[in-house]
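The shown structure was predicted, so the numbers you read here are calculated from the model rather than taken from an experiment.
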Amino acid sequence: MKQELTDARKKQNRGFAIVFAVLILAVLAGAVLSTALGSVSIEPGRIMEILAGGGSVQERNILTQIRLPRMCMTILLGGALAVSGYLLQTFFGNPIAGPYVLGISSGAKLFVCAVMLTVVGKSGRSSSAILVLAAFAGSLAATGLIVGLSRYVRHMASLLAAGIMIGYICNALTDFLVTFAEDAQIANLRGWSQGSFSGMDWKSVAAAAVIVAAAMTLTILCSKPIGAFELGEAYAASMGVNVRMYRVVLIMLSSLLSAWATAFA
């Protein structure tokens, strides 16, 4: 029996290794294509040559100042959303839970809309830093509501419904504000809400990398409580996990990752 369990575990580990190898190759292939394709095509075989100082000045600028920052930011924020989704699925015990189920993106959109109508509308100037800060503040505000409700709502399905309600409320408030907006402001808001990686630079990549790396490191350190929590709150409590505190940590890590992705992209 013990030998059968060992063989099954080895087979499962081999399956995981194959899946991760395929995913890593897919990420590398996507990274090469994203840096090679565009209005100015660059042959994949010349990417390393250009990075080493070869090629024209135009090709080096396109590769190092435009495409590489966008590619790095895409990988960072995509990974952040994947981990955020996993943490939410663990938190709710629901495989359909995702990073936006708590109304995080809706809260970000509400704050950005308010900033566009007030600060940007009065001054006539728009700053990406202001919009990022507004989106991040809105995301954390929605997260704060969920964390506050988690102290009183014990059932995960009810807390999931509360997150959906917060998203609808934020969307309704956004639509109400848009009613009083000018056409240009509405166009800017719609453009922002659709998401974009244009305008990314290495400073933005560095800022995103610090937060994402810190949140993912904390997630790895919480891997054992996560494993216990996946087997149920009662089992996690029997293993010595502080369930109430752990729920707050889990939702904060998930919300931080998805809020950062929403704010930048």
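One hydrophobic cluster holds both L218 and Y86 under the rule that ILVMFWY side chains link at heavy-atom gaps under 4.5 Å. Note on L76: it clusters hydrophobically with V27, by side-chain heavy-atom contacts below 4.5 Å among ILVMFWY residues. Under the 4.5 Å side-chain heavy-atom criterion for ILVMFWY residues, no single connected hydrophobic cluster contains both L173 and M165. Cluster membership for I66 and I75, using ILVMFWY side-chain heavy atoms within less than 4.5 angstrom, is not shared. Side-chain heavy atoms closer than 4.5 Å link hydrophobic residues (I, L, V, M, F, W, Y) into clusters, and following such links, even through other members, never connects L253 to V210.
With contacts defined as side-chain heavy-atom distances shorter than 4.5 Å, the pair L23/V19 qualifies. Proximity of I226 to T219: side-chain heavy atoms (C-beta onward) are separated by under 4.5 Å at one or more points.
Atom CD of E43 is separated from atom CD of E59 by 9.0 Å, given to the nearest 0.5 angstrom. Annotation: the span from L87 atom CG to C222 atom SG amounts to 9.0 Å, rounded to 0.5 Å. To the nearest 0.5 Å, atoms CZ (F20) and CD1 (I24) are separated by 8.0 Å. Here L88 contributes atom CG and L81 contributes atom CG; the two are 10.5 Å apart, rounded to the nearest 0.5 Å. Rounded to the nearest 0.5 Å, atoms CZ (R60) and CD1 (I42) are 11.5 Å apart. Remark: F136 CZ to L256 CG distance equals 5.0 Å, nearest 0.5 Å.
Residue A80 comes nearest to V212 through the heavy atom pair CB-CG2, 4.1 Å, listed as atom of the first residue, atom of the second, then distance. Pairing each heavy atom of N171 with each of S106, the nearest pair is OD1-OG, 3.3 Å. Considering all non-hydrogen atoms of both residues, L77 and A208 come closest at CD2-CB, 4.5 Å. Here the closest heavy-atom approach between residue L117 and residue L177 is recorded as CD1-O, 3.3 Å. Taking all atoms of both residues into account, the shortest heavy-atom contact from W260 to A207 is NE1-O, 3.7 Å. Closest approach of C113 and V178 over heavy atoms only: SG-CG2, 4.0 Å.
Using modelled atom types and a 3.5 Å distance limit, the side chains of S204 and D201 yield a donor-acceptor pair.
Here the side chain of S258 pairs a donor or acceptor atom with the backbone of S254 at under 3.5 angstrom. For the pair R67 (side chain) and A36 (backbone), a donor-acceptor distance under 3.5 Å is present. Checked by atom type and distance alone, the side chain of Y168 never pairs as donor or acceptor with a backbone atom of G103 at under 3.5 Å. Using modelled atom types, no side-chain atom of W202 and backbone atom of L68 make a donor-acceptor pair closer than 3.5 Å.
More than 12 heavy-atom neighbours from other residues, nucleotides or ligands sit within 6.0 angstrom of CE on M73.
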